[in-house]
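Below: the structure, in structure tokens.
Chain A is the first sequence line, chain B the second, and so forth, proteins listed ahead of strands; every chain is numbered from 1. These figures come from a predicted structure and were not determined experimentally. Side chains are part of it too, since the values below use all heavy atoms of this structure and drop only hydrogens, waters and symmetry mates.
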Amino acid sequence: MERRGVLIDPDTLRQMSDELGQQHAKLEQEMYTMAGYEFNIGSPAQLSEVLFTKLQLPTTGIKKGKTSFSTGQSELDKLRGEHPIIELIEQTRELAKLKNTYTDALPKLADEHNRIHTTFNQDVAATGRLSSTNPNLQNIPIRTELGRKIRRAFIADGDKVLVSADYSQFELRLAAILANDESLINDFNGDVDIHTKTASEVYGIPMDDVTKDQRRAAKVINFGVLYGMSPHGLAANTGMSFGQAKDFIDQYFSLRAPIRAFIDKTLAKARTDGYVETYYGRRRPTPDIVSSNFMVRAGAERAAANMPIQGTEADLMKRAMLKVEERLGDLGDQVLQIHDSILVECPEENAQKVADILETTMEEIAPELGIKLRVDVSTGKNWGEL
DNA sequence: AAAGAAAGCGCG
DNA sequence: AAAGCGCGCTTTCTTT
């Protein structure tokens, strides 16, 4: 994958850079006007000075930081509505991030064929995942519409196409399997919307009555509570009160007793054996699990609870990639791996075959688990439309 | 001038 | 006192 590289359209990215730069300059001027003077938006210290000293925005509960108040997104959320500059900061930050990290940088790294060659590090992540550097191609934007435009600049060569295959709800499904939570497993096998189902059970209401906010809270729970998210963290993420968040978490674990038991078993192993491991035996040492420092110890517990799940995911992906490479032959080339997904470039006439190989190979990579994994496959001319 | 820490934020 | 896990990159600011 490193040698093959992935094709980009550098002209599109350069054009985006221009537009982002112009828009950024415009927003910058508006912010200077609001503040009454020019300052460096990229400097958290200067921005904090503008918000809390010059503009006198309320600092109650905004706290953080060693020297100045934090200006991170989580704190800006609390200030929304207090002053129009808040939205400008958010917009400016998004533009600067996309320009500096992606649209400016990527074209410079392409070879003479406009292909980018990342390095996949195999001995970096403590869980067994790959990581990607110089450039990191595992964090190309997708969550905002503007960001997704960058992903659309990743394309297939000539009349080829891109085929992506990603595991559906990989971590949650593995958690259900490793914890042997039959109720959760049945939900997955029944193609139930797991976040809606969780909300329905936690709130004790029919699935059809679950509101968007309730589903969103359940989604945060499903991803976060597994690894030790606190009532404080859940409240901050969903807008619930601390008390509501605590009740929600209590209700969740009484509902998912097998998950609770699996986490407890994992922590017990960390304490007695000094390591935790994946389903296939990849280990992560856990020396800090016995630290006398509460923060260090609590952090080690969250990391230990997470590793068997994230690590097993990594193990499965690596096995799948090897088998995919074998079965693909000359039909197409794997070009990227993004933790739970594989991206393949292939001639259009092979697309259906490639898609089938990806789907069946990934879904059937671990029959010993006794549970069917689900894979979603998609084909297109660029990465953004997949 | 180079190296490192902090803050912030992109992804799974 | 502080409260999901795993990464890498850019900028600012400080230290060497």
Side-chain angles (χ1 to χ4, degrees), chain A residues 39-48 63-76 89-90 92-106 109 118-122 124-144 146-148 150-151 166-172 175 219-238 242 245-246 249 252 263 266 276 284 293-311 313-314 317 336-342 383:
Chain A
F39 64 100
N40 189 338
I41 300 153
S43 166
Q46 290 182 40
L47 184 58
S48 181
K63 304 236 295 186
K64 273 176 83 175
K66 312 300 175 220
T67 52
S68 59
F69 287 104
S70 166
T71 67
Q73 186 58 55
S74 59
E75 307 312 304
L76 295 185
I89 294 170
E90 294 171 335
T92 308
R93 284 225 174 109
E94 183 184 7
L95 301 183
K97 179 81 174 182
L98 297 181
K99 182 174 191 292
N100 294 332
T101 307
Y102 304 104
T103 63
D104 283 354
L106 293 175
L109 295 169
T118 186
T119 298
F120 284 106
N121 309 108
Q122 304 201 58
V124 169
T127 55
R129 274 186 174 184
L130 300 182
S131 83
S132 162
T133 55
N134 189 30
N136 182 355
L137 294 185
Q138 290 180 321
N139 74 341
I140 301 303
I142 191 174
R143 293 176 186 176
T144 69
L146 192 54
R148 191 186 273 262
I150 292 171
R151 203 170 270 231
D166 55 282
Y167 281 109
S168 169
Q169 306 280 16
F170 205 7
E171 279 191 304
L172 216 46
K219 187 174 178 179
V220 172
I221 279 279
N222 277 330
F223 283 114
V225 169
L226 252 183
Y227 313 125
M229 182 182 270
S230 65
H232 177 278
L234 178 61
N237 262 289
T238 60
F242 184 90
K246 184 177 184 315
I249 291 171
Y252 175 87
I263 293 174
T266 301
V276 291
R284 173 176 185 170
N293 180 313
F294 173 84
M295 278 299 299
V296 172
R297 191 172 67 247
E301 288 174 354
R302 294 192 297 270
N306 169 271
M307 188 275 175
I309 298 167
Q310 187 181 123
E313 179 183 22
M317 268 303 284
L336 290 180
Q337 184 253 48
I338 308 96
H339 307 309
D340 65 354
S341 74
I342 294 173
W383 195 12

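Listed by chain and residue number, A:Asp104 satisfy the salt bridge (charged side-chain N to carboxylate O under 4.0 Å, His left out) test with A:Lys99 (two or more places apart in sequence, or in another chain). In this structure A:Tyr227 satisfies the ring-ring contact (aromatic ring centres under 6.0 Å, His included) test with no other residue, sequence neighbours excluded. Partners of A:Glu90 by side chain to side chain donor-acceptor pair (under 3.5 Å), not counting sequence neighbours, listed by chain and number: A:Gln73, A:Arg80. For A:Ser131, the side chain to side chain donor-acceptor pair (under 3.5 Å) criterion is met by A:Asn121, not counting sequence neighbours. Every side chain to side chain donor-acceptor pair (under 3.5 Å) that A:Arg93 has, sequence neighbours left out, goes to A:Thr71. Contacts of A:Phe223 classified as ring-ring contact (aromatic ring centres under 6.0 Å, His included), with partners at least two apart in sequence or in another chain: A:His195. Every residue meeting the side chain to side chain donor-acceptor pair (under 3.5 Å) condition with A:Gln337, not counting sequence neighbours, appears here in chain and number order: A:Gln138.
Between the OG1 atom of A:Thr119 and the CG atom of A:Leu130 there is a distance of 12.0 Å, given to the nearest 0.5 Å. Here the OG1 atom belonging to A:Thr127 is positioned 9.0 Å from the NE2 atom belonging to A:His339, to the nearest 0.5 angstrom. A:Ile309 CD1 to A:Leu226 CG: the interatomic distance, rounded to the nearest 0.5 Å, is 5.0 Å.
Under the salt bridge (Lys or Arg N to Asp or Glu O under 4.0 Å) criterion, the residue pairs touching residues 127-136 of chain A are A:Arg129-A:Glu313, with sequence neighbours excluded. Sorted by first and then second residue, the salt bridge (Lys or Arg N to Asp or Glu O under 4.0 Å) pairs involving residues 296-311 of chain A (not counting sequence neighbours) are A:Arg271-A:Glu301.
Map A:Ala298 and A:Phe294 each onto its nearest nucleotide of DNA chain C; the residue landing nearer the 5' end is A:Phe294. Nearest-nucleotide mapping onto DNA chain C: of A:His339 and A:His232, the residue sitting toward the 5' end is A:His232.
If you measure from atom CD of A:Gln46 to atom C1' of C:dT11, you get 12 Å, rounded to the nearest angstrom. Rounded to whole Å, the distance from CG on A:Leu137 to C1' on C:dC7 is 14 Å. C:dG6 atom C1' lies 10 Å from atom CD of A:Glu313, rounded to whole Å. Rounded to whole Å, atom P of C:dT11 lies 17 Å from atom CG of A:Leu47. Atom P of nucleotide C:dA2 and atom CE of A:Met229 are separated by 18 Å, given to the nearest angstrom. Rounded to an integer number of Å, the gap from A:Gln310 CD to C:dC7 P is 7 Å. The distance between atom NZ of A:Lys246 and atom C1' of C:dA3, rounded to the nearest whole Å, is 14 Å.
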- Task: Apply side-chain contact (heavy atoms from CB on, under 4.5 Å) to A:Met229 and A:Ile221, showing your working.
- Result: CA-CA 8 Å; A:Met229 182 182 270; A:Ile221 279 279; over 6 Å; no
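Residue contacts shown for A:Arg151 are limited to sugar-phosphate atoms, with no base heavy atom under 4.0 Å away. Using a 4.0 Å heavy-atom criterion, one finds that A:Asn237 contacts no nucleic acid atom at all. Using a 4.0 Å heavy-atom criterion, one finds that A:Ala305 contacts no nucleic acid atom at all. Nucleic acid contact class of A:Arg143 (heavy atoms, under 4.0 Å, all strands): base. A:Ser341 comes within 4.0 angstrom of nothing in the nucleic acid, heavy atoms only. Using a 4.0 Å heavy-atom criterion, one finds that A:Leu130 contacts no nucleic acid atom at all. Heavy atoms of A:Arg302 sit under 4.0 angstrom from primed sugar atoms or phosphate atoms, though from no base atom.
Close approach of DNA chain B to chain A, defined as any atom under 4.0 Å from a non-hydrogen atom of the protein, starts and stops at B:dA7 to B:dG12.
Here the separation of B:dA6 from C:dA3, taken at their P atoms, is 15 Å to the nearest Å. On the P atoms, B:dA7 is 13 Å away from C:dA2, given to the nearest whole Å.
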What protein N or O atoms touch nucleotides 8-10 of chain C N or O atoms at under 3.5 angstrom, if any, and at what distances?
| residue | atom | partner | partner atom | Å |
| --- | --- | --- | --- | --- |
| C:dG8 | OP1 | A:Ser131 | OG | 2.8 |
| C:dG8 | O4' | A:Asn136 | ND2 | 3.0 |
| C:dC9 | OP1 | A:Asn134 | N | 2.7 |

- Query: Which string of ( ) [ ] | and . matches DNA chain C, if you list each base 5' to 3' and count Watson-Crick or G-U pairs only when both distances are under 3.5 Å?
  - Reply: ....||||||||||||
